[in-house]
Structures are given as C-alpha cells and as structure tokens.
Amino acid sequence: MTAFAETAPYRAAFDAQRRAGEPSWLADSRRAALARFEALGFPTRRSEDWRFTNLGPLRRANFAPAAQDAAASPDLARWLYPEKTHRLVLIDGRLVPALCDIGVLPRGVYLAGTEATLGQRPDLAKALLDETDRLGGQAFASLNAALFADGFVLTLEPGIVLERPVEIVHLGRAPQRSSQLRSLLRLGEGARATLIESFVGGTDHWTNAVTRIELAPGAALRHAKLQDEDKSAIHFAQARAVLEKATRYEAFVLNLGGGLARHEIAVNFAGEGAACGLFGASLLRGEQEATVATIVDHAAPGCTTREYFKTVVDERAHGVFLGRIAVRPEAQKTDANQLNKNLLLSPRATVDTKPELEIFADDVKCSHGATVGDLDETALFYLEARGIPPAEARRMLIEAFAAEAIEQIEDDAVLHAHLAKHVRRWLDRDEDEA
Amino acid sequence: MLEIKNLHAKIAEGREILKGIDLAVQPGEVHAIMGPNGSGKSTLAGILAGRPGYEVTEGTALYEGRDLLALSADQRARAGLFLAFQYPVEIPGVNNMYFLRAALNAVRRERGEAELDAGQFLKAVRAKLKELEIGDDLLQRGVNVGFSGGEKKRNEIFQMAMLEPKLAVLDETDSGLDIDALRLVANGINKLRSPQRAMVLITHYQRLLDYVEPDRVHVLSQGKIVMSGDKSLAAELEKRGYAMLGDAA
C-alpha cells in the first residue's frame, strides 16, 4: 500500500476516537472504510472528476472530527424556514436534541439522528453503512464511512404523505475540525416528503456529508439545500439516490458560501418511468470555488432527467459544473436534458463546464447545453433608461439570473421565496463589503 | 424643454450618423420626426436617452436648460426623460411589476416624493390601467418576456404613463402594429398629452399621425433635418414618398 502523508492525520484521528460500545460489525465497517481511504489518498488533478478542483484549503490543516460541542446556543433565526417544519439541528456533525423542534410526526414517519438510529433500528444500519464508495474510488466518502459520528435518518412508511417539510440545520463551529455526516432518506411506496437542508457557520471548518436516498416505487422527494457557510469553510457533500419505478426526485442546491465547495449528486434509475430534476445556483465571489457534479445513471427505460444549473462568478472566483449522464442499452425512451448557464462578472472570474453524455441506447432523447456570458448590456440599458441606477440594475439582473434556476422547482411559493431571500442576502453582502 | 444645436454624432469607432441637428421643443408640444430608413432617427433617440455605443462629436443638447449629454441614462430618466423603445428588451426573471415599482420609486426619490409600498403601487397601477383602458394581463409576467409586438409597445406606453415624464421620446412606437394595437397605443399617447409634457414621435410612416396630431413635423435625412413644417408636411410626405426629398437629401 502506498502511504499518503495527507491521510496520516486521519488515521491518527481514527485511532484516537473512543467508540466503546459500538458493535463489532460497525467497527469492522469503519476499519475497512479507513483502509479504502488510505489506499486512495486525496484525489488529484490527474483524476478527471477532480481536474478543476484546488484541494489546497483541505491540505492546510488536519480536519479531525470535531468533539461534542457544549457551547451556548447559536442564533440560527435568519436561516430557519419561514413555515412550520419538523426540525433537527446538528452542530459540528452531531445532533443537538435541545435545539431540535421535531413537533408531532404522523404515524409511519421516523426522524432521528444517525447515531441513535444505529442503536435503535439495526434494520437501517446496512443502508447507512452503504459502501458504494468502494465502486467509485470516492476517497472522501470512504473517510466519511470511517469517521462519521452522526447525521440524520428520515423514513416514511408506504403511502405516507408528510405535509410539513423536514428541516435539517447543520452548523459548523469548531475551527480546524470536521463534521463527518452520514444520513439516510428512505421513502416507502407512494410516500412523499420535502427536505430542506441548511449548512451554516463553518469558519475554518470542513463539512463532509454523505447522504443515501432510497425511493420505493411511486415515492416523491423534494430535496432543497442551502449552503451559506463562512468563506473559509470547506464543504463536500455527496447525495446518492436510488430511484425505483415511477418515482420523482427533485434536488435543488443553492451555493452561496464556503471557500471550497463540492456538491455531488448521483442518481441511479433502477425502475421504469422515474424522473429526476436536478437544479441549482451557485453565487461566488472573492476566492470562492464551487463544483456541482451530477452523475445520472439511466439503467431503466422511460426515465426523465432535467438538469438546470446556473453559476454567477465575480472577482477571482471559480465555478465548475460536471454533468455526466449515462444511458445504458436497456434504457430506451430515456429523455434527458442538461443546461448549465454561467454569468461571468469579472475578467478574473473563471468557470469550467463539462457535460458528458454516454449513450448506449438508440431510442432516446438527450441534449445538453452550456453558456458563458456577461450581463446583458441591452437589458442593463433598458433598466437604466427607466431611472434605475446602474448598481441596482445589475443587482436585479443577477437576482433574475438565479431566480430562473429557483423557478425550476415546481409549485412551491414558500420555498421559492426562502431561496430568493438568501440570494438577496448574498447580493446585500456585496454592497456591505464594497 | 429640449434644445438641440448642431448635434453631430457617430457610432463609437464608426461612421458619422448625425451631421448637425437643430431642434427646439417647448412644453406641451408634440413633434414628429420622420425620415427614411438609415436617416439617423433611432440614433437621435438613443443619444437623447443615453444609450451606450454613440459618440457626440459636436454640438449641444439642453434639457430644461441642463446639459443633457453630461447625464447618465438613469439620471436622465429620473430627471423626467422617457424613451419608448423601438425594440423593448425581454428580461427573463424580472417581474414586470417589480421592475416598474423599482423604476417609479427611483423617479419618486429624485422628485423628493415618498416611495410607494406594494399596496400603494398596485392602486396606482390599477388607476392607470383604467385611465388608458388597457388590461392587466401583462403585469405578472417577466419584463416583455414572450410579449407580442403589440404587447411590448403597449407595455412601453403603460410605463410612460406610470413614470409621468416631462419629455417623452417615442422611437417607432407604431412600427409592427396592426390597426387595433396602433389605435390602443395612439389613444395612450393622446391621453398623456398635457401642457407640461413634450413628446417627440419618431416614425417612418405617417400612419401614427392620423391618430396623434403633431404640432410640428420634421424630416430627417442623412443625419440632418431637411424640412420642417406643420402636420400638412406629413400628409405631403405620405402622398409623394421620401423621394420628394430629392436634392434636399
């Protein structure tokens, strides 16, 4: 085995963790995962998936998992969802029961922390410890499987429709430490839910989240995520969704914060006639870098993929979009399209966009497109010619650019308004800093 | 209100388009500027409104005694100048109402008037729609997005009515309209005529002037005003065509 210097601190952190009382199968799983991480080391730019990523910030410190945080209650008000939710709050990757507001859950709904679940619901352990990272050479998913302390689990029995959204607020607080989050969403046949995740805080903190999503036939999940961490934060997140027949998975990522961020969404169509909508917007400035990587595997016929991602890049920031869609020979009648639109606001801002369609079926409809441009001069003049000052006109156009992505989410005015509010907060920050 | 003297202008790094325009417009007057394609009509409108891409090489333009050309486009608009665009711009993602409220409040701030909140604004919109006898179907859409040609021009007139400018320059507002849309737009223009407000109608055809009676008509050709007269000049042009300019052009 090759020894990588960068993995050594994580081996040390692993050895130092006290995990007394954990069952031996869990300890075995952790050890095996750590060995996979050590064998891989950090990804390098030689790897196609990491070609555009500067892992420098991650190498600057050893982000061992944070210890339990017993400090004062944080003020999370500005990030909370504007309507009543079933809310969990995690600090430094651990559930803090005193801050949660789960409310009354309907029968057939299970919502709890991952650590608690491993004790109470051994039936969910296998899915939680899912080792798909074995397949893809996913070093950070392996590390997560070795080091995770907590996360959240939501399961719905068949036919359950959860009216209120489930809200998960993740706060990173310990500097030079990491949150290793491992979570599971499992919806039974015909079940429906909305999940809103917010990642906040995170000064000099690394969040490494792995989420598994399983939708049984006919289930529908809307999964919105806001990443508004400090500009010194590192944020890696992988969501892996397995979609059975006639399911619908809709994901939205609003990336506003973090110095180095990467959102990876992998969708596996395992049954006919399922649909996914993967949408999002990244707004970047300063030295921020953010990657959205989607990997959609059409392994069943008649499934639909809609991807729509927008990036606004100012100053010296760097946006990356990697969009892979694979259509296997048996996946006839696949309907997939992908669009990535980028707005470059500064001569030193950069974007990399890489669509990748691998199509092995002949009766399919697949398309992709990417655009890179500046603000529309004629639109700016039109607004100014009505008396709107240039700075406000620019702001309106940037907001509108992001709004087009938000509006891809169907029929959810509260969620639209919530996300739009955070886009405006990002734009206000611009003026504060100027 | 508006006094243009010996105005020369060219397209940035391009050829000269305006070659010495003289024009004086008093409050309450409606002037029509007619002329063949390429005569410089839209350039004149663009320069008055502050559209980027032109360079004034000689001459002056005073608006209420101020140097108009020294003001930015948004300052001109807030000072009461309005350009109705020949090609109104589609702005996806910006709601028409949101846009118009931002514009109206920018203008009101300049005039020292209180900004309108959403409720007050809606009331003002409803009153204006009624006055102009137009529907509210365009309000909740993106600015000009997916509008027909007629709807776009109607939206321009509606914006003009909301912003209550002192000087309105309408750049080929009649082009591409069917007869019903033309009547609607002309009706809007007539309702907005007032002793305090001046209007400059730029048009290729005499058609609009059948509905909106101008005080003065000017003919622009090859970057110069070659003829001026009362409304009968428009009728004569209609009869004889721009060929009548002959040597004068």
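Protein chains get the first letters and strands the later ones, always in sequence-line order, with residue 1 at the start of each.
When the shell of 6.0 Å around CZ of B:Arg109 is examined, it contains more than 12 heavy atoms from other residues, nucleotides or ligands. In this structure, B:Lys5 places its NZ atom where only 12 or fewer heavy-atom neighbours from other residues, nucleotides or ligands lie under 6.0 Å away. Atom CZ of A:Arg164 sits in a crowded spot, with more than 12 heavy atoms from other residues, nucleotides or ligands closer than 6.0 Å. Counting non-hydrogen atoms of neighbouring residues, nucleotides and ligands closer than 6.0 angstrom, the NZ atom of B:Lys123 reaches no more than 12 such neighbours. Atom CZ of B:Arg111 is surrounded by more than 12 heavy atoms from other residues, nucleotides or ligands within 6.0 Å. With a 6.0 Å radius and a threshold of 12 heavy atoms from other residues, nucleotides or ligands, B:Tyr87 has its OH atom at or below the threshold.
With rounding to the nearest 0.5 Å, the separation of CD1 in A:Ile388 from CG in B:Leu100 is 8.5 Å. In this structure, CD in A:Glu392 is found 10.0 Å from CG in B:Asp74, a value given to the nearest 0.5 Å. Distance check: A:Arg386 CZ to B:Leu83 CG gives 6.5 Å after rounding to the nearest 0.5 Å.
Of the atoms belonging to B:Arg51, heavy atoms from both backbone and side chain fall under 4.5 Å from chain A. Contacts between A:Glu399 and chain B at a heavy-atom distance below 4.5 Å involve the side chain alone, from C-beta outward. Residue B:Pro165: no heavy atom, backbone or side chain, is found under 4.5 Å from chain A. Using a 4.5 Å cut-off between heavy atoms, B:Val94 touches chain A through backbone and side chain atoms alike.
Ranked by non-hydrogen atom pairs under 4.5 Å with chain A, the options B:Ala106, B:Pro88, B:Gly93, B:Gly53 are led by B:Gly93.
With respect to the salt-bridge test (charged N to carboxylate O, under 4.0 angstrom), the residues B:Arg78 and A:Glu384 do not qualify.
With contacts defined as side-chain heavy-atom distances shorter than 4.5 Å, the pair B:Asn144/A:Tyr382 qualifies.
Ring geometry for A:Phe381 against B:Phe85 counts as tilted: the plane angle lies between 30° and 60°, on a 0 to 90° scale.
The heavy-atom pair separating A:Gly387 from B:Ala77 by the smallest distance is N-CB, 3.2 Å.
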